[in-house]
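Before any comments, here is the structure.
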Amino acid sequence: SSHEHKLNFKKSKEVCLSYIQDAMLQKHWKRAAEFLTFYVESLEKDFSTQYMGPSEMIWRIGTEILCHHSHSSMKEFNSFTEQMKTLGVKRYLKVCLEHAFHLLCNGLIDEAYQNLSLAESWRFGEQTAIQDKEMKLIQAYRGLLDYYSWSKQKTILLEHGQDGFEDLSVEQEMHSYFRKAAVNLKEIIKIPGVWDLFVKCYVDLLEFYGDHNEARQVLNEYAYNSKFPANPNAHVYLYQFLKRHGESKKSLISALKILHDIVPSHELMIDFNTMLQKSKKRKKRRLGLEVIFAALDYAGWKENVKAWSCLARQVKQIVISEKPLDWIKQEWNSRKDWWPAFHFSRYLAKRNWQENESLSYEKALVAGILLGKDCKYFKYVSHQGCKAQVKRFRILKKFVNKHNPVYLRISG
Amino acid sequence: RDFNERCAQCSEVNWGLTDGGRFYCRSCHNVTERTREVVNTDFISNTRIQTISKGLRKQEKPDGGCEWYVCEGFQLVLKKQAEALEALGVCPQMKDEILCNFWRRYLQKSKQAYCNRPAGETVKALSVCDSSTDVDSEPERPSLLHLSLSESEGDLQTDCSFASSTSRVSESTSVCSGSVDGSLYLMKNQREKLRMTMPMTLSFCYMALLWLREPMTLSDLLRFVVEGHIPYLNVFQHFPEKMKLCGLDLKIFCVESWPVYEEVYNKMLELAAFLDLPRFPDITDSCFLHPDMLCMKYLMEANLPDELHNWTCRVVKKICIGEADFLTLVPGNKSTRNVKYDVLAAAVIVVVLKLLFLLDDHYEWLLSDFAEESNKNNKEGGPYFAFKKWYKVIKCSLDVEQKKLDEERAKYLWRCEKPLFYSAKKKSKVLKRRQMVVNLQNQFGKLSGSVQPAEKPKPSSFQLSWSEENTDGSCFHGHSLKGILQEKCGLLTAMNPAYWLCTVKLCTEKLCGHLAHYREVDFPQSYHFVLRLFSFLLRIQPSHIHDEVCVIEHKLFNKKLCKKSKYNTRLRK
């Protein structure tokens, strides 16, 4: 490598920065701090035409170092961050926000709250309008902390209520926190984005004060407004809400349908399938089959007894009623090439039998139907089960033998 | 001048002014006791004729500053640099006489002083400002109308805003510079008169050193600058309080890059010609700058055997580069190639190494093995020089030093306590920033652990040193070349019969600025290593040394090259 013998300000700071980066990647915080001291003079030449100028670099790097350095303290961090706030007015709110995060992560909730409140009251000409997004975030987090305070008051109130105390002041405080929190939380969730925590808290508040309509509207917006990014959790929250309020199966199913589309492997798919199986409508039952098969495509479900029992139940049902076998055929078509190795290998048969008898039972049933009585899995498990004189395995064996022709029709 | 007495010694009337304010005779250097009354004695000697004759001159400005001219600033810089050089051991003559006189001559030639019509006067006619100023004002006040900021090289983009209206120039200095003529200085047409720049101060210094034949090469000088022993970076902080710098002055006096060898050297040549200097004092073989001497020094520093010196002398003699006529600078003489003494000496050593060791990544290791064998068998007498061992030792040291140097580059600090601002408006912002920088340096400095700010290393001419007292055998000065030499006709020659030329044909400097084009991949690793070593010592790119090597080779093998129409890269010696 050719070593340049020239050097100018810009180049020497670039080189310095690369030394800082190296030190940080290797977690040599002392060394990083050392080189940072040589880097900081680039502030005196900050003409900030670059995307990320020296002042932002110093803020970010300094924060990292102070977070990890063994000799650094919260006090140091605070004093550093305060300096950074004065460095660039364009970044003021961002620094405030990150400062608050840091305080929260260190459990300094009151300080964080003070910081956020202070930042909220900041005004700086046209910058205030430009940094509107950051301001909204600040307000939202302050609202979250208000919710947290409300929650604490609520707990106190309930305790006192149990003890028979009436506490007016606590109640009033609680209500005032509610008002403050509600205002800010409501604002932030209007903006398209991912606001899981805020939504949950807001809905919690609304439910407590009995405003179910508003809550439902909020959740619907969050889940169905196309401007918002696709978010599985939105549908989960909606579903949970509807369930809590005893809504009809129809609405519950429609809430979960989208979840199935987005995240076929979601844990709620079991509930979903259970509901669908019980439905009177053919279409729904068909969907149920699709749902459970899709869930079991995922490795995370391989050993889930409940899921297998759902599938087993449904398959059994269809086999007994002898219709509609087409459904099974359709679902099995795209899976017959890889499910055998994925779920029904001899190795798995052994393992499942050893580790979890119920699992092997359910799986054996499915295997027996889909792959016939001569398949490795069924043969092994049923043999073992009968050997061990477990009643249900004998029944299982009979059942599969009886319905073996079904297999032939499916596989054909 | 006012002073018209005849000199006591030589009866001439040719007076100059020493730094101390005394008159001295330019013809015979006789210093008199007569001093000129200077109004501001705390101000370093100014050289403007008009102002001297006018008497009351320095008008105090409301902010406590005074009027000053750019060339006065540079004069201060040169003074500081000369003092530093004196502290390094350069003879005082340099500062008191040589540099002084060069500078005065420069001022004269560029019509900034010591002449009847200073440069700025032509601007006066175009000035919008009428004589609302009082009698003592300087005639060379530039008009705001004529300022152009098309000079946008470098990083110092000023954010001065210029009034586009033809406002009157006020009595106090324009907003654009603390100096009176800062803006004028940067105007384009100054270029013909060899406008003074910071790098040029080093050209002045080097020129003076060369005139006196001081034992300091240009690479030494520049290294001392970078190491901080010679004021260059932030030298303006030594300006007196009253000399306020702002605006365009920053562009003139602020330095934000290390001086570049080529630039300083070429400027020196330009300067020497511009000043109409005569032939410089002869460089003879007793001078430090003579290749024989410099080769000795570099051989020591490179930890090579002393015996190699015989060879460098032989090469020098053979291609006649030891002649005074070749080595001595004759300003303005375009026909002679100008000599870079340090590069030349280094290149000679490289050529000698090639002659003896071939350096084709093969032969030198072979020789090395033989030498080591001999050393094992023959314990008495001095050890034979083995390239391999030398390579290991040097590589190790070189890597360590290079790493240190790289870190120093990353740690280089450009700013100083004295803040710079373009205009009074910016002052508070600049000061705040400076304060923040200091705070941050303190805060993170504490977190650096026990790292103390490195003390400036004592300036030394040698960057690497080797002592024969080291018992680990890492010093090769006393090693013998016996293993690689043979006797032929009473003369010692190398056992190596071959040689490869770096380049078969030299390029024309005018076309591409280089005589050859060096790419590491095209040459043997050993060759590159040797170049790298000297590149580090001289702080210049390997390609510069390579160029010089090519030139030397072409001189050395001149006959053979002329004879052959077809080329082999390997020639028989």
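Quick note: numbers below take in every heavy atom, side chains included, and nothing from hydrogens, waters or symmetry partners. Convention: sequence-line order gives letters A, B, ...; per-chain numbering from 1.
Judged by distance alone, with hydrogens and angles left aside, the side-chain atoms of Arg409(B) form a donor-acceptor pair with the main-chain N or O of Lys6(A) at under 3.5 Å.
Within 6.0 Å of CD in Gln525(B) there are 12 or fewer heavy atoms belonging to other residues, nucleotides or ligands. More than 12 non-hydrogen atoms from other residues, nucleotides or ligands lie less than 6.0 angstrom from CZ of Phe529(B). Atom CZ of Phe124(A) has 12 or fewer heavy atoms from other residues, nucleotides or ligands within 6.0 Å. Atom NZ of Lys154(A) has more than 12 neighbouring heavy atoms from other residues, nucleotides or ligands inside a 6.0 Å radius. The environment of Gln26(A) atom CD is dense: over 12 non-hydrogen atoms of other residues, nucleotides or ligands sit within 6.0 angstrom.
Heavy atoms closer than 4.5 Å to chain A are found in the backbone of Phe536(B), but not in its side chain. Of the two parts of Tyr39(A), neither the backbone nor the side chain holds a non-hydrogen atom closer than 4.5 Å to a non-hydrogen atom of chain B. When heavy atoms are compared at a cutoff of 4.5 Å, Glu76(A) approaches chain B by way of both its backbone and its side chain. Residue contact with chain B, scored on non-hydrogen atoms closer than 4.5 Å, involves the side chain of His69(A) exclusively.
To the nearest 0.5 Å, atoms NZ (Lys13(A)) and OH (Tyr412(B)) are separated by 10.5 Å. Note that CD of Glu44(A) is 9.0 Å distant from CZ of Arg433(B), once rounded to the nearest 0.5 Å. Rounding to the nearest 0.5 Å places CD of Gln443(B) at 10.0 Å from CD1 of Ile65(A). Going from atom CZ of Arg434(B) over to atom CD of Glu41(A) covers 7.5 Å, rounded to the nearest 0.5 Å. Note: Ser257(B) OG to Lys11(A) NZ = 13.5 Å, rounded to the nearest 0.5 Å. Note: Ile540(B) CD1 to His5(A) NE2 = 8.0 Å, rounded to the nearest 0.5 Å.
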Test side chain to side chain contact (heavy atoms under 4.5 Å, CB included) applied to Lys432(B) and Thr86(A), step by step: CA-CA 10 Å; Lys432(B) 260 204 276 183; Thr86(A) 66; over 6 Å; no
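Of all heavy-atom pairs spanning Glu34(A) and Ser448(B), the tightest one is CA-OG, 3.2 Å. Across all non-hydrogen atoms, the minimal contact from Lys403(B) to Tyr19(A) is O-OH, 4.5 Å.
Ring geometry, Trp414(B) versus Phe9(A): the interplanar angle falls from 30° to 60°, so the pair is classed tilted.
The most heavy-atom pairs under 4.5 Å with chain B, out of Leu66(A), Leu7(A), Val40(A), Leu17(A), come from Leu7(A).
Each of Leu43(A), Thr37(A), Leu87(A), Leu36(A) was scored for a side chain to side chain contact (heavy atoms under 4.5 Å, CB included) with Leu440(B), with one residue passing: Leu43(A).
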